[in-house]
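Worksheet: one structure, shown below.
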Amino acid sequence: MTKKVLSAIICVCLLLCTFSCVASAAAIPVIEGEISAKVRICPDTAINIEAPEVSGNVYAEGWEIRYVGGDWIPYDGEPLTKNAQGASLRYFAANAVGGYAYSNEAEIVLEHNPIGAYKYNGTDHWRDCADCGGQACKGGHTTLGETATAKDNICKVCGHVRTSQYTGILVFWEWLMALITSLIG
Ligand SMILES: [Zn+2]
Ligand SMILES: [Zn+2]
């Protein structure tokens, strides 16, 4: 009689143990907190933001991305190119039996983080990016300076003074005349 009672108790204990194990494995992980609604990433760089805290039985976790007009796919760590502009980002955590939890969704903004004054060359202006060292706000100068007046030759964005073709020819012509005059003189 005592043996029967004992074995019954052991059986119940084993069953309870099994149930609780299965139940805890089936529990869906919890993603703590939220990710920011907009995530700015430099063009041509990989997503490098802090993952949210995850608790519970986590079998797999990571970022997922949804390109405009596409479906959610796992993010493979590749640098993001132009087609990721406006894409959505979320974090997932899954248990071993296919129970998924997701974070809120963020919008990806592909943009540099400009710092300091404009820099320029003969055709373009830009500002340095504080994050990746790339060229932020890059563009061509605003005026092409077809006339010789200095006012038209100042770029409205960066202040670079262009030398118009006409000014260049004029300078050369004056230099040539001065040379000829000196030779004749
Ligand atoms: Zn950048
Ligand atoms: Zn300019």
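Note: hydrogens, waters and symmetry copies are ignored here, and every other heavy atom, side chains too, is used. Order of listing sets the numbers, starting from 1, for every ligand and every atom in it. Everything quoted here is computed from the prediction, not taken from an experiment.
- When the Zn ion (ligand 2) is compared with the N/O/S atoms of His141, atom ND1 turns out nearest.
- Electrostatic pairing of Arg90 and Glu64 counts as a salt bridge here, judged by a charged N lying under 4.0 Å from a carboxylate O.
- Taking the Zn ion (ligand 2) as the corner point, the angle from Cys155 atom SG to His125 atom ND1 is about 110° (rounded to 10 degrees).
- Using a cutoff of 4.0 Å between basic side-chain nitrogens and carboxylate oxygens, Asp71 and Arg66 are not scored as salt-bridged.
- Ring pair Tyr118/His125 is perpendicular by interplanar angle, where above 60° counts as perpendicular and below 30° as parallel.
- For the pair SG of Cys129 and ND1 of His112, the angle whose vertex sits at the Zn ion (ligand 1) is 110° to 10 degrees.
- Salt bridge annotation for Lys82-Asp44: absent, with no cationic side-chain nitrogen under 4.0 angstrom from a carboxylate oxygen.
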